[in-house]
Amino acid sequence: MEGRSVAVLLADLDHFKSINDRFGHAVGDNVLQIFAEVASAKLGPYDLIGRLDGEEFAIVIYDSGRDKGLAIAERIRLSFETAAADIEGRPIGGTVSMGMAIAETNLFDIAAQLAQADEALYCAKERGRNRTEIASLQLVLDRAQEAEQRGRPRPVAAASAPSAA
């Protein structure tokens, strides 16, 4: 396993509460199922996907460095955008924002990777949604500086310093 990387993605369906409020929970449930199906179809046999809470999913992609992980994330994002544009004849316009963290398998710590992916996910949301951001030390430092400039310091993820992927 040495030298192999793992990509950890956090995916959050954009404006999901609004979809539920406008179209009802049955359509919202359908949107969740569509995302799970679209994402699963883009993953390999050793990759994992699971719903964490509400409209948030975690995806673990084995043997995936930065470029491969980003390519898979973008395929998921674009496929979901197409699949969730119109559901049951209703213009849903579903999109997803994702944060990604990379770790070497011999250094893999799921809690740390999820914390880093979460930091990147917040950045994707802040930068307009419907995009994928990659966790890096620079991203964390930039976000902390931006928060400080706004006068609201944001604590840096406590897990560990993100890899410089």
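Values below: every heavy atom of this structure, side chains too, minus hydrogens, waters and symmetry copies.
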Expected list for residues 48-57: side-chain donor-acceptor pairs under 3.5 angstrom, two or more places apart:
from	atom 1	to	atom 2	distance (Å)
R51	NE	G54	O	2.7
R51	NH2	G54	O	3.0

Can I get a per-line list of side-chain donor-acceptor pairs under 3.5 Å for residues 86-96, giving both atom names and the distance, sequence neighbours left out?
from	atom 1	to	atom 2	distance (Å)
E88	OE2	N30	ND2	3.1
R90	NH1	F23	O	3.3
T95	OG1	D14	OD2	2.7

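Annotation: the span from Q116 atom CD to S136 atom OG amounts to 9.5 Å, rounded to 0.5 Å. Rounded to the nearest 0.5 Å, atoms CG (D47) and OG (S40) are 10.0 Å apart. From K125, atom NZ reaches atom OG of S97 across 4.0 Å, with rounding to the nearest 0.5 Å. Atom CD1 of I134 is separated from atom CG of D67 by 8.0 Å, given to the nearest 0.5 angstrom. Atom-to-atom distance recorded for I76:CD1 and T132:OG1 is 8.5 Å, nearest 0.5 angstrom. With rounding to the nearest 0.5 angstrom, the CE atom of M98 is 11.0 Å from the CG atom of D12.
For the residue pair G99 and A120, the shortest heavy atom distance occurs at CA-CB, 3.7 Å. A pairwise comparison of heavy atoms in G69 and A7 identifies CA-CB, 4.2 Å as the closest pair. Of all heavy-atom pairs between N20 and G28, the closest is OD1-CA, 3.2 Å.
Looking only at side-chain heavy atoms (C-beta outward), R77 and N130 come within less than 4.5 Å of each other. Looking at heavy atoms from C-beta onward, T82 lies out of side-chain contact with L78 at the 4.5 angstrom threshold. Contact annotation: the side chain of E133 never approaches that of M100 to less than 4.5 Å [non-hydrogen atoms, C-beta and beyond]. Between F16 and L32, the closest side-chain pair of non-hydrogen atoms falls below 4.5 Å. Residues L43 and I72 form a side-chain contact, since some pair of their non-hydrogen atoms from C-beta on lies under 4.5 Å apart.
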>> Assess the residue pair L10 and L114 against the criterion (side-chain contact (heavy atoms from CB on, under 4.5 Å)); give the C-alpha distance rounded to whole Å, side-chain angles, the decisive distance to 0.1 Å, and a yes or no.
In response: CA-CA 7 Å; L10 274 184; L114 286 170; 3.9 Å; yes
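Applying the ring-ring contact (aromatic ring centres under 6.0 Å, His included) test to every pair with at least one member in residues 65-99, sequence neighbours left out, gives these pairs: F35-F80.
Side-chain contact check for R22 and S18: at least one donor-acceptor pair (N or O, by modelled atom type) lies under 3.5 Å.
Crowding of K68 atom NZ: a count of heavy atoms from other residues, nucleotides or ligands under 6.0 Å exceeding 12.
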